[in-house]
A.B. asks: 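Handing you this structure, nothing more for now.
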Amino acid sequence: MDLAFLAKYYKFFINGTGITLFLSFFGVIFGVIFGVFLALMKLSKKSFLRMPATAYIEVVRGTPLLVQLFIVYYGLPLLTGIELPDLALGIIAVSFNSAAYVAEIIRAGIQSIDKGQMEAARCLGMTHTMAMRYIIIPQAFKNILPALGNEFIVLVKESAIVSVVGIQDLMYKADTVRGISYRPFTPLIIAAIIYFIITFTLSKLVSRLERRLSAGDSRI
């Protein structure tokens, strides 16, 4: 495999990797924030909160990310009349998608907490909101941190789809190098190796975090 072209085009891959990590990081952050609200809405006993959250989660999980990306990229500026940068629209699209999956992770985490803890908090005089904020959600987050890490790994890989609307992530840069270097295959291998290094590193960090949390539990 001739890698001589890397000396000329390596900055394309570095810049693309930076965009991919930036987009994935903020996609998960905003996805978690939105996902918390969706999870709480879905767990609500009030149907006007539960039903929209359930519908949103089912629709997002039942449609391709590519379709959601097109809807956000072309539809959001038309609906709001605001022209946003391409990267911001990409972050919004992956955040909306990630929120549906994160909401289910958080919901499962909250439901994994023993109901007695909520009852004990209420006996101490806490409101339902206070009990959720100070007792239930902190414990749930500890349980779901490994799952959130895995969601980040998945998002790094799935974010490659934003290249189809011209967002200059790693996949877009690899495709650009293919075109200008007349090498149809090698740039894709380089991109695949970079994706693997990122996801493998994140996977090891998640595993390490999971072991530390398990060790913390065993000392209790």
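Computed from a prediction, not measured in an experiment: that's the story for all the values here.
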A.B. asks: F26: which residues meet the side-chain contact (heavy atoms from CB on, under 4.5 Å) condition with it, sequence neighbours left out?
C.D. replies: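 Result, side-chain contact (heavy atoms from CB on, under 4.5 Å) vs F26: F22, F30, I91.
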
A.B. asks: Minimum heavy-atom separation for I19 to D169, with atom names?
C.D. replies: CG2-CA, 3.8 Å

A.B. asks: Could you pull out all residues at least two apart from E58 that satisfy side-chain hydrogen bond (donor to acceptor under 3.5 Å, both in side chains)?
C.D. replies: none

A.B. asks: Is the backbone N or O of L170 less than 3.5 Å from a side-chain atom of T20, with the two atoms forming a donor-acceptor pair by type?
C.D. replies: yes

A.B. asks: Sub-3.5 Å donor-acceptor pair from the side chain of S98 to the main-chain atoms of S95, do we have one?
C.D. replies: no

A.B. asks: Whether the side chain of R107 engages the backbone of A39 through a donor-acceptor N/O pair (distance < 3.5 Å, no angle test) should be reported.
C.D. replies: no

A.B. asks: Is there a donor-acceptor contact under 3.5 Å from the side chain of Q117 to the main chain of I135?
C.D. replies: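 Checking the backbone N and O of I135 against the side chain of Q117, no donor-acceptor pair under 3.5 Å is found.
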
A.B. asks: Between R122 and E119, is the closest basic N to carboxylate O distance under 4.0 Å?
C.D. replies: no

A.B. asks: Taking the side chain as every heavy atom from C-beta outward, state whether V28 and L148 have any atom pair closer than 4.5 Å.
C.D. replies: no

A.B. asks: Say whether, by atom type as modelled, one donor and one acceptor occur between the side chain of S24 and the main chain of L21 under 3.5 angstrom.
C.D. replies: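 Here the side-chain-to-backbone pair does not exist.
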
A.B. asks: Are the aromatic rings of F34 and Y56 close, with centres under 6.0 Å apart?
C.D. replies: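 Yes, the ring centres sit under 6.0 Å apart.
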
A.B. asks: Applying the side-chain contact (heavy atoms from CB on, under 4.5 Å) test to Y73, which of V162, V164, D86 qualifies?
C.D. replies: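 So, applying the side-chain contact (heavy atoms from CB on, under 4.5 Å) to Y73 and each of V162, V164, D86, only D86 qualifies.
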
A.B. asks: Pairs in or reaching into residues 190-200: which pass side-chain hydrogen bond (donor to acceptor under 3.5 Å, both in side chains), with residues at least two apart or in two chains?
C.D. replies: none

A.B. asks: Under a 4.5 Å cut-off applied to non-hydrogen side-chain atoms, are M41 and K46 in contact?
C.D. replies: no

A.B. asks: Does some side-chain heavy atom of E158 sit less than 4.5 Å from a side-chain heavy atom of V94?
C.D. replies: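 No, too far: nothing below the 4.5 Å cut-off.
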
A.B. asks: Can you tell me how the ring of Y74 sits relative to the ring of F70, calling it parallel under 30°, perpendicular over 60° and tilted otherwise?
C.D. replies: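 Plane angle between 30° and 60°, so tilted.
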
A.B. asks: Quick one: does R133's side chain get under 4.5 Å of M126's, heavy atoms only?
C.D. replies: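 Not touching, per the 4.5 Å side-chain cut-off.
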
A.B. asks: Do the side chains of L40 and I137 get nearer than 4.5 Å, heavy atoms only?
C.D. replies: yes

